[in-house]
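Data block below; observations after.
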Amino acid sequence: MLQIQVLKNNTEQVKQLLQVKNFTQLHLVDEVIALDDDRKKTQTQLDELLATVNQASKEIGKLMAAGQKQQAEEAKTQVANAKLQIEPLKASLTELEQSIESILFQIPNTPTPEVPTGKTPEENVEVRAGGVKPTLAADAVPHWDLAKKYNLIDFELGNKVTGSGFPFYIGKGAKLQRSLIQYFLDFNTQAGYLEYLPPFMVNTASAFGTGQLPDKEGQMYHMPADDFYMIPTAEVPVTNVYRDVLLKEAELPKKMTAYSPCFRREAGSYGKDVRGLNRLHQFEKVEIIQIVKPSESNTVLLEMVEHVEKLIQSLELPYRILRLCGGDMGFASAITYDFEVYSAAQQKWLEVSSVSNFESYQANRMKCRYKDADGKNHLVHTLNGSSLALPRIMATLLENNQHTDGITLPKVLQSYFGAEQI
RNA sequence: GGUGAGAUGGAUGAGUGGCUGAAAUCAGCAGUUUGCUAAACUGCCGUACGGGUCAAACUGUACCGAGGGUUCGAAUCCCUCUCUCACCGCCA
């Protein structure tokens with residue numbers, strides 16, 4: 001969530017920026033500022049009363065010790081009177097704090113100045129593109145047909161055992177998946193990211209920390225017996241490693257990478273976009289995450305974009321990088337770059353990575369701070385990105401590299417896969 | 001699943017009703033000493049929200065796993081919950 005101080009000090013600027021994100025409930029900003037002023041007044045009053053009670057309690061102790069029982073009793077009635085005022089003040093303070101928090105939860109992160117205005121994905125801005133779109137033979141087929149032809153993935157079997165969107169990868173399909181994970185993790189750790197293999201379920205505190213709750217509750221699988229959520233991305237467990245942590249400046253930046261399956265209910269999405277590997281309820285992904293000083297997050301974002309770009313280039317896939325417009329960005333993000341690869345048989349761009357700077361929005365929720373050289377505490381900035389999401393990479397690799405007699409793998413994968421082609 | 005023990009500041013760990021926001025030790029920071037390093041010595045060293053200030057100093061309140069309760073007063077007593085550890089059972 002945004003810091004109330006920022007809302008207060010830059011009210012008009014914040015409102016303007018929020019409009020870039022198509023956030024229209026600007027009255028919430030004024031409301032929360034007014035509530036916070038109330039909160040301060042209430043707290044000052046309450047603190048003063050509590051101070052008199054504390055003072056009186058000490059007096060009573062002394063009076064009792066001195067044997068002056070009657071005066072002690074008088075002081076006690078004074079305390080009792082003060083307490084009558086304290087109770088309602090406490091109640092309204094709690095109420096104010098809750099209202100403030102619930103409003104702050106409803107206000108999305110402000111976009112950075114580079115973020116283009118716009119409402120739909122069509123208004124995203126292409127930053128650059130690379131690679132060459134292959135020319136396929138006339139009989140080229142989409143990946144779901146290739147998956148069947150070479151016995152790589154069985155969608156129907158997944159339907160039977162679990163439900164749609166939970167495919168089985170089999171034989172060379174499973175091995176290719178495993179090779180990709182291994183390659184991605186190696187690529188990331190070589191760039192200085194520390195590998196984590198996180199829990200695949202998280203508790204509610206963690207889901208709040210990274211912002212999945214309360215706004216995206218319906219997107220996650222929930223295990224009511226234990227009140228756990230299946231993770232929709234490794235970002236959730238890995239970023240929460242530093243929830244409620246006060247770091248030393250010298251410890252930053254923290255660079256982490258993690259493989260995990262991702263579980264998404266994808267409620268309300270049907271139709272043509274969900275065919276094959278394009279949209280699944282369970283898929284695999286390797287994520288990169290950084291926790292950095294605020295002054296460095298802009299540079300680090302670009303560094304992460306370049307990192308992902310190199311990874312895609314090494315797979316020899318045609319790609320483009322988009323800077324998302326305000327309307328297409330996530331709630332907690334300040335700026336997001338999407339990576340898409342061109343799936344030649346489907347003749348479609350497929351999103352395979354999304355790299356975002358959350359600035360202090362997640363950090364404020366998670367209370368992740370660092371102590372600077374002067375001993376002052378500041379919120380960190382958090383960033384994350386996919387490096388990479390597996391299914392659409394696999395779909396594109398299969399489609400773009402198909403020949404009549406097989407599917408050639410890019411060089412970097414051959415040693416991992418143990419063969420040059422499928 | 002059963003039984004028992006526990007949860008205190010960055011860490012270890014004292015503290016059973018007022019003198020405790022919290023001993024001591026370690027770690028950390030600053031300085032003195034020192035040919036360098038090490039050692040020794042001195043000082044500082046929790047967080048949040050307020051007041052105050054240009055900024056400090058200073059100052060109020062809250063916080064000893066979480067939430068309630070008893071009391072003039074709670075880290076300390078009572079209740080509930082969560083988590084951790086140990087042993088047993090089960091098990092990849």
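Proteins get letters first, then strands, A, B, ... in listed order; numbering begins at 1 in each. Only this structure's heavy atoms are used, side chains among them; waters, hydrogens and symmetry mates stay out.
Across rU47(B), rG50(B), rA56(B), the shortest atom-to-atom separation from the side chain of L246(A) is found for rU47(B). Comparing rA62(B), rC72(B), rG50(B) by their nearest atom to the side chain of N54(A) picks out rA62(B). In this structure, the nucleotide among rG60(B), rG18(B), rA48(B) sitting nearest to the side chain of D47(A) is rG60(B). Proximity note for N377(A) (side chain, C-beta onward) versus rU47(B), rG51(B), rU61(B): the nearest is rU47(B). If you check rU61(B), rG46(B), rG50(B) against the side chain of L50(A), the one that comes closest is rU61(B). Taking the side chain of Q43(A) as heavy atoms from C-beta on, and the options rU47(B), rG50(B), rG73(B), the nearest nucleotide is rG50(B). Relative to the side chain of K371(A), the nucleotides rG50(B), rC72(B), rG46(B) differ in distance, and rG46(B) lies closest. Checked against rG50(B), rG60(B), rC72(B), the side chain of K76(A) finds its nearest nucleotide in rC72(B). Which of rU47(B), rC72(B), rG50(B) sits closest to the side chain of T44(A) comes down to rG50(B). Closest approach to the R39(A) side chain among rC72(B), rA48(B), rC49(B) is made by rC49(B) (side chain taken as heavy atoms from C-beta onward).
Between the P atoms of rC79(B) and rC19(B), the separation comes to 25 Å (whole Å). To the nearest whole angstrom, the two P atoms, one in rC36(B) and one in rC54(B), are 45 Å apart. Rounded to whole Å, the C1' atom of rU20(B) lies 24 Å from the corresponding atom of rG67(B). Comparing rG60(B) with rA24(B), their P atoms sit 23 Å apart, to the nearest whole Å. Atom P of rC45(B) sits at a distance of 25 Å from the matching atom of rU53(B), rounded to the whole Å. Look at the C1' atom in both rG46(B) and rG9(B): the space between them is 5 Å, to the nearest Å. Rounded to whole Å, the separation between the P atoms of rA86(B) and rG28(B) comes to 29 Å. Between the P atoms of rG69(B) and rC58(B), the separation comes to 36 Å (whole Å).
Using a 3.5 Å distance cut-off with no hydrogens or angles, the side chains of S164(A) and N159(A) do not pair a donor with an acceptor. Remark: the Y242(A) side chain and the T382(A) side chain contain no N/O donor-acceptor pair separated by less than 3.5 Å. Side-chain contact, D372(A) with H378(A): a donor N or O sits under 3.5 Å from an acceptor N or O.
The interatomic distance linking I60(A) (CD1) with rG17(B) (C1') rounds to 14 Å, in whole Å. rC49(B) atom C1' lies 14 Å from atom CG of D37(A), rounded to whole Å. Across the protein-nucleic acid pair, K41(A) atom NZ and rG51(B) atom P stand 12 Å apart, rounded to whole Å. For the pair K90(A) NZ and rA62(B) C1', the computed distance is 10 Å after rounding to whole Å. When rounded to the nearest whole Å, the span between CD of Q45(A) and P of rU61(B) equals 16 Å. For the pair D244(A) CG and rA48(B) C1', the interatomic distance rounds to 12 Å; values are reported in whole Å. Distance, Y370(A) OH to rC29(B) C1': 17 Å, rounded to whole Å. Atoms NE2 (H378(A)) and P (rA48(B)) sit 11 Å apart, rounded to a whole Å.
Partner assigned to rA38(B) is none, using Watson-Crick or G-U wobble distances below 3.5 angstrom. Base-pair partner of rG43(B): rC29(B) (Watson-Crick or G-U wobble, both distances under 3.5 Å). Pairing for rU76(B) is absent, with no Watson-Crick or G-U wobble pair whose two atom distances lie under 3.5 Å. In this structure, rC87(B) and rG2(B) make a Watson-Crick or G-U wobble pair, each of the two defining distances being under 3.5 angstrom. Of all nucleotides present, only rA7(B) satisfies the Watson-Crick or G-U wobble test against rU82(B), with each distance under 3.5 Å. Across all strands shown, nothing is found opposite rA14(B) as a Watson-Crick or G-U wobble partner with both distances under 3.5 Å. Using the Watson-Crick or G-U wobble rule with both distances under 3.5 Å, rC58(B) pairs with rG51(B).
Not one N or O on the side chain of R243(A) forms a donor-acceptor pair closer than 3.5 Å with the backbone of M366(A).
D145(A) has no carboxylate O lying under 4.0 Å from a charged side-chain N of K148(A), or vice versa, which leaves the two without a salt bridge.
The shortest side-chain heavy-atom distance between L388(A) and L315(A) falls under the 4.5 Å cut-off.
Toward the 5' end of RNA chain B, the nearer of the two residues Q5(A) and A80(A), judged by each one's closest nucleotide, is Q5(A). Ranked by how close their nearest RNA chain B nucleotide is to the 5' end, I4(A) and K83(A) are led by I4(A).
Among the protein residues, A51(A) comes within range of the sugar-phosphate backbone only, with heavy atoms under 4.0 Å from sugar or phosphate atoms but none that close to a base.
A perpendicular orientation is assigned to the rings of F263(A) and Y221(A), their planes being inclined by more than 60° (bins at 30° and 60°).
Within 6.0 Å of the NZ atom in K90(A), the count of heavy atoms belonging to other residues, nucleotides or ligands does not exceed 12.
Not one side-chain nitrogen or oxygen of K69(A) sits closer than 4.0 Å to the OP1 or OP2 atom of rC72(B).
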